[in-house]
Amino acid sequence: MSTELGNDFGSCGEKLLTALFSQLLVNVKIMNLSAHVCLRRVIACTQYPKMLPIICEQMKSKSPMCRKRAAEYIELIFQLWELNIITKNLSILEGTIKSGINDADSDTRIFSRRTFWLYNEFFPKNAEK
């Protein structure tokens with residue numbers, strides 16, 4: 001639906017995010033992978049600003065898997081979303097990138113470093129801080 005509806009899917013996608021993030025913690029691999037694929041598709045096809053705080057909130061999770069996936073989705077947002085949406089939510093994203101770079105999980109740090117370089121391309125003056 002996200003692919004077909006695009007940004008019109010935003011309010012529905014916003015409600016799905018929390019449920020999909022909880023499915024990332026399931027030990028059944030097919031459920032975990034399906035949730036991951038669904039989250040990637042929703043984020044790639046639906047540029048809805050209200051989804052950003054929900055994704056950024058997952059960086060505070062106790063689960064390394066949730067933090068890693070959230071860092072991956074933030075990188076995807078920087079790659080695919082329009083710059084004006086990112087700019088409006090810059091303060092939240094900056095804090096998320098910082099916490100990801102300092103995370104205990106190495107995969108989360110890798111995704112966050114790659115996101116930082118994308119951030120540096122778009123906002124070089126802010127990245128110097």
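In this structure, CD in Q23 is found 12.0 Å from OG1 in T18, a value given to the nearest 0.5 Å. Taking CD1 from I97 and CZ from R113, the interatomic distance works out to 13.5 Å, rounded to the nearest 0.5 Å. For the atom pair OG1 (T108) and CE (M59), the distance works out to 6.0 Å, reported to the nearest 0.5 Å. Atom CG of L118 and atom CZ of F123 lie 11.0 Å apart (nearest 0.5 Å).
For the pair T46 (side chain) and I43 (backbone), a donor-acceptor distance under 3.5 Å is absent. Under a 3.5 Å cut-off, the side chain of Q47 and the backbone N or O of E82 do form a donor-acceptor pair. Between the side chain of W117 and the backbone N or O of S112 there is no donor-acceptor pair closer than 3.5 Å. Under a 3.5 Å cut-off, the side chain of R109 and the backbone N or O of A104 do form a donor-acceptor pair.
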Using ring-ring contact (aromatic ring centres under 6.0 Å, His included), reason through F116 and F111 one step at a time and then give a plain yes or no. CA-CA 9 Å; F116 176 79; F111 283 118; over 10 Å; no

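Sorted pairs that involve residues 85-100 and meet salt bridge (Lys or Arg N to Asp or Glu O under 4.0 Å), not counting sequence neighbours, are lacking altogether.
Clustering ILVMFWY residues whenever any of their side-chain heavy atoms sit less than 4.5 angstrom apart, transitively, puts I54 in a cluster other than the one holding V37. Residues L83 and Y48 share a hydrophobic cluster, clusters being chains of Ile/Leu/Val/Met/Phe/Trp/Tyr side chains in contact below 4.5 Å.
Ring geometry for F78 against F122 counts as parallel: the plane angle stays under 30°, on a 0 to 90° scale with 60° as the upper cut.
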Can you list, pair by pair, the side-chain donor-acceptor contacts under 3.5 Å of residues 60-69, counting residues two or more places apart and other chains?
unit_1: S61; atom_1: OG; unit_2: S63; atom_2: N; d: 3.0
unit_1: S63; atom_1: OG; unit_2: M65; atom_2: N; d: 3.2
unit_1: S63; atom_1: OG; unit_2: C66; atom_2: N; d: 3.3
unit_1: R67; atom_1: NE; unit_2: D103; atom_2: OD1; d: 2.7
unit_1: R67; atom_1: NE; unit_2: D103; atom_2: OD2; d: 3.3
unit_1: R67; atom_1: NH1; unit_2: S61; atom_2: O; d: 3.0
unit_1: R67; atom_1: NH1; unit_2: K62; atom_2: O; d: 3.1
unit_1: R67; atom_1: NH2; unit_2: D103; atom_2: OD2; d: 3.4
unit_1: R69; atom_1: NH1; unit_2: H36; atom_2: NE2; d: 3.4
unit_1: R69; atom_1: NH1; unit_2: E72; atom_2: OE1; d: 3.1

